[in-house]
2 protein chains.
Amino acid sequence: MKIIRVMTVDDHEIVRQGINSFINTQENIRIVGEADSSKSAISVAKTIKPDVILMDLQLEHHHSGIEATEAIKQQIPNCEIIILTSYYQDDYIFPALASGALSYLLKDVSPVDLVDAIVKAANKQTVLSPIVANRILKEHYKPAIDPFISLTEREQAILKLIAQGLNNTEISEQLFISIKTVRSHVSNILSKLQLRDRTQAAVMAWQQGIMS
Amino acid sequence: MKIIRVMTVDDHEIVRQGINSFINTQENIRIVGEADSSKSAISVAKTIKPDVILMDLQLEHHHSGIEATEAIKQQIPNCEIIILTSYYQDDYIFPALASGALSYLLKDVSPVDLVDAIVKAANKQTVLSPIVANRILKEHYKPAIDPFISLTEREQAILKLIAQGLNNTEISEQLFISIKTVRSHVSNILSKLQLRDRTQAAVMAWQQGIMS
DNA sequence: CATTTCATCGGTCTAGAGACCTAGATAAGA
DNA sequence: TCTTATCTAGGTCTCTAGACCGATGAAATG
């Protein structure tokens with residue numbers, strides 16, 4: 001079994017110590033590097049090229065862990081990064097994952113789960129803390145509610161077609177109704193949602209997650 | 001500790017047996033119901049109101065597990081549903097989660113992980129098999145590339161404004177250029193991307209994940 | 001120096017979009 | 001039964017969008 005080379009990034013030494021001391025009891029995982037800042041994380045990573053990095057987001061009093069993640073993933077694509085932090089706000093989760101992190105764990109994970117996540121990371125498999133998974137699902141499956149429900153079924157159907165880029169003629173053909181009827185519905189939709197034109201309607205539909 | 005009441009839905013009795021036999025060795029989990037079809041799943045669930053349902057997608061030779069999930073979540077919102085299936089194609093994952101399932105596990109999960117998922121489900125926490133989590137992340141963080149790069153910087157900037165719902169006048173004010181210039185850029189964008197109108201451009205931008 | 005690309009701006013013309021008003025058919029509900 | 005909501009459809013009018021034409025200056029590139 002190949003040994004997984006891990007690096008920890010956290011600005012509190014005590015935290016790194018805690019993680020390291022536990023990880024090192026594992027036979028197949030070894031801590032090969034540490035860093036306490038964004039800058040040092042990037043340079044150390046470039047030197048030792050670890051398989052997996054445990055990265056805190058909060059470094060030096062601002063969340064520069066994201067910048068570090070982005071830089072490292074760009075320069076060492078094979079190195080997988082696990083975010084290990086205490087924050088589970090959307091503001092942290094989504095930028096972190098967008099910056100290239102593979103997994104996102106909260107610091108209340110059990111040591112067993114942490115080891116599990118490291119092993120999975122070495123195999124390019126994502127692990128998310130339950131609360132994080134929840135947030136992501138909610139983000140991608142926002143309930144089709146809010147402004148949307150004020151629309152009738154027909155209007156909702158037409159809005160979806162607008163949000164696919166169809167013009168009035170195509171919508172009328174798709175639904176087997178006259179163009180004039182489509183125009184009436186579109187006008188009502190825009191009026192109800194307080195939007196100016198079909199482009200804004202399409203944008204709203206995508207922003208609200210109504211479209212896939 | 002409260003006992004978690006679980007129901008299994010699978011059209012193969014042998015599978016249900018396997019799950020049940022293991023689950024029942026757990027002290028805090030009890031199997032309180034079974035079903036082998038979409039219809040029976042809904043009616044049984046309404047009767048016994050389990051805390052958690054383990055739901056296979058493939059029932060009666062088509063994936064009606066999704067319909068069952070949708071119906072059950074609508075009628076018994078407090079009941080959490082874990083998809084437990086062998087399929088990990090996007091066609092299965094996304095409709096299943098959209099239908100209201102809390103978690104999505106592949107049938108290769110270890111018994112330990114399954115129990116863990118059930119306990120977490122009882123606490124409304126999502127658990128995803130690593131491969132499923134990967135798919136979802138990829139889906140939401142599609143690289144913003146392809147057609148976009150063929151556009152000049154200015155055109156990209158204008159496309160983003162279009163995709164925010166701005167009209168030509170607003171774009172011209174935002175960028176301190178004349179409306180005629182905006183029109184030229186818009187025409188070029190539509191021509192390059194082979195689109196008909198600004199609405200289709202906005203749709204493309206959102207579909208490609210260019211917009212946040 | 002010549003060429004090309006890009007950003008800027010103008011004019012004209014047509015088709016579509018959207019506002020506003022009216023109105024019939026149907027179905028659900030008080 | 002009366003009322004209301006919804007879907008359907010038409011008419012008119014105005015304005016925006018977009019196509020197509022040309023043109024200039026700047027900057028990069030050969």
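Note that these values count all heavy atoms, side chains included, but never hydrogens, waters or copies made by symmetry.
- A/Glu173 pairs by the salt bridge (Lys or Arg N to Asp or Glu O under 4.0 Å) definition with nothing, not counting sequence neighbours.
- B/Asp197 has no carboxylate O lying under 4.0 Å from a charged side-chain N of A/Arg198, or vice versa, which leaves the two without a salt bridge.
- Running 5' to 3' along DNA chain D, contacts with non-hydrogen atoms of chain A at under 4.0 Å begin and end at D/dT6 to D/dT12.
- Residues B/Lys107 and B/Asp56 are paired through a salt bridge, judged by an N-O separation under 4.0 Å between the basic side chain and the carboxylate.
- Taking five base pairs at each end of the helix from C/dC1-D/dG30 to C/dA30-D/dT1 and finding the rotation axis that steps the C1' atoms of four pairs onto the next four gives two axes whose angle is 50°, to the nearest 10°.
- Interatomic distance, B/Leu193 CG to B/Asn188 CG, rounded to the nearest 0.5 Å: 10.5 Å.
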Contact pattern, 5' to 3', of nucleotides 11-27 of chain C - B, S or - by protein heavy atom under 4.0 Å: BB----BBB--------
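- Here the closest heavy-atom approach between residue B/Lys49 and residue B/Arg5 is recorded as O-NH1, 2.8 Å.
- Residue B/Ala122 comes nearest to B/Ile4 through the heavy atom pair CB-CD1, 3.7 Å, listed as atom of the first residue, atom of the second, then distance.
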Close N or O pairs between protein and nucleotides 4-7 of chain C (under 3.5 Å):
unit_1	atom_1	unit_2	atom_2	d
C/dA7	OP1	B/Thr152	OG1	3.4
C/dA7	OP1	B/Arg154	N	3.3
C/dA7	OP2	B/Thr152	OG1	2.7

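- Separating the OG1 atom in B/Thr85 from the OH atom in B/Tyr92 is a distance of 7.5 Å, to the nearest 0.5 Å.
- B/Lys73 places a side-chain N or O within 3.5 Å of a backbone atom of B/Cys79 that can act as its donor or acceptor partner.
- With A/Glu155 as reference, A/Lys192 is the one residue of A/Lys192, A/His185, A/Lys160 to meet the side chain to side chain donor-acceptor pair (under 3.5 Å) rule.
- Donor-acceptor pairing under 3.5 Å is recorded for the side chains of B/Thr199 and A/Thr199.
- In this structure, B/Gln164 and B/Glu170 have side chains that are not in contact, with every pair of non-hydrogen atoms separated by 4.5 Å or more.
- Listed by chain and number, the residues in a side-chain contact (heavy atoms from CB on, under 4.5 Å) with A/Ala117 are A/Ile82, A/Leu105, A/Val127 (sequence neighbours excluded).
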